[in-house]
Amino acid sequence: MKARSTFGALILAILSARVAAAQAPSPPVSVADLIGMTLFGSDPHTGGLELDAHVLSPDGSRLAAVLQRGNLGTNTLDFALVVFPVSDAPGPVRPDTLVTMSTPKNDPAISSVQWLADSRTIAFLGAPAGQLPQIYTVDVTTRKV
């Protein structure tokens, strides 16, 4: 009987904690929170273009994605080109960040991502701070830009 009352007290404590957590007010979303959100795609005006938000390699083994985030500390848009392995293995998938670029303008620093036929090289249009857009390539194995 003692084990049953201990179990009941444990369940009551868990439920009380859940009710208290549900009633606690969440802090409001701030402008800084919105600016610092990570978005998929390169278009800073719409939160990403569907064309380069994610691009599958020709052999289907990798997925490239453009991520963007506002940075209030530097007053820039920070972009990253990341690659995810595509596999059936269970467990978390960790992206590999290949290139990062920032821009003080509302124009994308990384856009127009395309895989080359070798499924190892990615071409993209890069426009880091203070530079005109150029075509870059990056090898996903060596990470050489």
Side-chain angles (χ1 to χ4, degrees), residues 6-145:
T6 305
F7 180 72
L10 178 62
I11 294 296
L12 184 60
I14 291 172
L15 290 175
S16 297
R18 283 193 156 185
V19 168
Q23 292 174 347
S26 299
V29 176
S30 69
V31 173
D33 294 333
L34 295 173
I35 291 171
M37 273 191 335
T38 299
L39 303 172
F40 278 93
S42 63
D43 187 350
H45 305 291
T46 64
L49 288 173
E50 287 300 317
L51 300 176
D52 65 359
H54 50 79
V55 183
L56 189 64
S57 64
D59 68 0
S61 67
R62 296 179 180 107
L63 182 77
V66 175
L67 304 177
Q68 63 167 301
R69 178 185 307 195
N71 185 331
L72 281 175
T74 58
N75 197 29
T76 59
L77 284 175
D78 300 338
F79 287 79
L81 176 59
V82 298
V83 173
F84 295 88
V86 175
S87 69
D88 295 331
V93 176
R94 301 197 189 278
D96 184 16
T97 302
L98 298 177
V99 179
T100 59
M101 292 183 179
S102 297
T103 179
K105 301 188 240 174
N106 279 339
D107 296 324
I110 297 175
S111 64
S112 303
V113 175
Q114 295 290 319
W115 284 93
L116 298 187
D118 64 1
S119 291
R120 180 180 164 159
T121 310
I122 300 173
F124 64 95
L125 189 61
Q131 296 183 22
L132 293 174
Q134 300 180 62
I135 296 174
Y136 291 84
T137 59
V138 60
D139 185 304
V140 298
T141 305
T142 65
R143 306 169 131 245
K144 183 174 181 177
V145 179

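Keep in mind that this is a model prediction, so the values were computed, not measured. Count residues from 1 along the sequence. Just the heavy atoms: all of them, side chains too, but no hydrogens, waters or symmetry mates, feed the values below.
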Roughly how far, to the nearest 0.5 Å, is [atom2] of [Y] from [atom1] of [X]?
X      : Y      : atom1 : atom2 : result
Ile110 : Ser102 : CD1   : OG    : 8.5 Å
Leu81  : Tyr136 : CG    : OH    : 13.0 Å
Thr76  : Asn71  : OG1   : CG    : 4.5 Å
Gln114 : Ile135 : CD    : CD1   : 11.0 Å
Ser119 : Leu56  : OG    : CG    : 8.5 Å
Leu77  : Lys105 : CG    : NZ    : 11.5 Å

Write down the atom of [X], the atom of [Y], and the distance for their closest heavy-atom approach.
X      : Y      : answer
Pro28  : Asp33  : O-OD2, 4.1 Å
Ser57  : Ser61  : OG-N, 3.2 Å
Phe79  : Thr103 : CE1-CG2, 4.1 Å
Trp115 : Ala64  : NE1-CB, 3.6 Å

Worksheet item: Are any of the side-chain heavy atoms of Asp59 and Arg120 separated by less than 4.5 Å?
Response: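 They are not in side-chain contact.
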
Worksheet item: With side chains defined as the heavy atoms from C-beta onward, is the minimum distance between Val93 and Pro85 less than 4.5 Å?
Response: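 Yes, side chains in contact.
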
Worksheet entry | Whether over 12 other heavy atoms sit under 6.0 Å from Leu72 CG |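 Yes.
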
Practice prompt. Mark yes when over 12 heavy atoms from residues, nucleotides or ligands other than Asn75 sit less than 6.0 Å from its CG; otherwise mark no.
Written response: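 No, not enclosed.
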
Worksheet entry | salt bridge (charged side-chain N to carboxylate O under 4.0 Å, His left out) involving Asp96 - partner list, sequence neighbours excluded |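 Scan of Asp96 (salt bridge (charged side-chain N to carboxylate O under 4.0 Å, His left out), adjacent residues dropped) gives Arg143.
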
Worksheet item: Counting N and O atoms only, with roles assigned by atom type, does the side chain of Thr121 sit under 3.5 Å from a partner on the main chain of Leu116, one being a donor and the other an acceptor?
Response: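 Between the backbone of Leu116 and the side chain of Thr121 there is no qualifying donor-acceptor contact (under 3.5 Å).
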
Worksheet entry | Intermediate values then yes/no, side-chain contact (heavy atoms from CB on, under 4.5 Å), Asp78 and Thr100 | CA-CA 7 Å; Asp78 300 338; Thr100 59; over 6 Å; no

Worksheet item: Between Ile122 and Val83, does a side-chain contact (heavy atoms from CB on, under 4.5 Å) hold up when you go through it step by step?
Response: CA-CA 10 Å; Ile122 300 173; Val83 173; 3.8 Å; yes

Side-chain donor/acceptor pairs under 3.5 Å, residues 125-133, sequence neighbours excluded:
none

Practice prompt. Might you work through the side-chain contact (heavy atoms from CB on, under 4.5 Å) test for Phe124 and Val99, ending with a clear yes or no?
Written response: CA-CA 10 Å; Phe124 64 95; Val99 179; 4.0 Å; yes

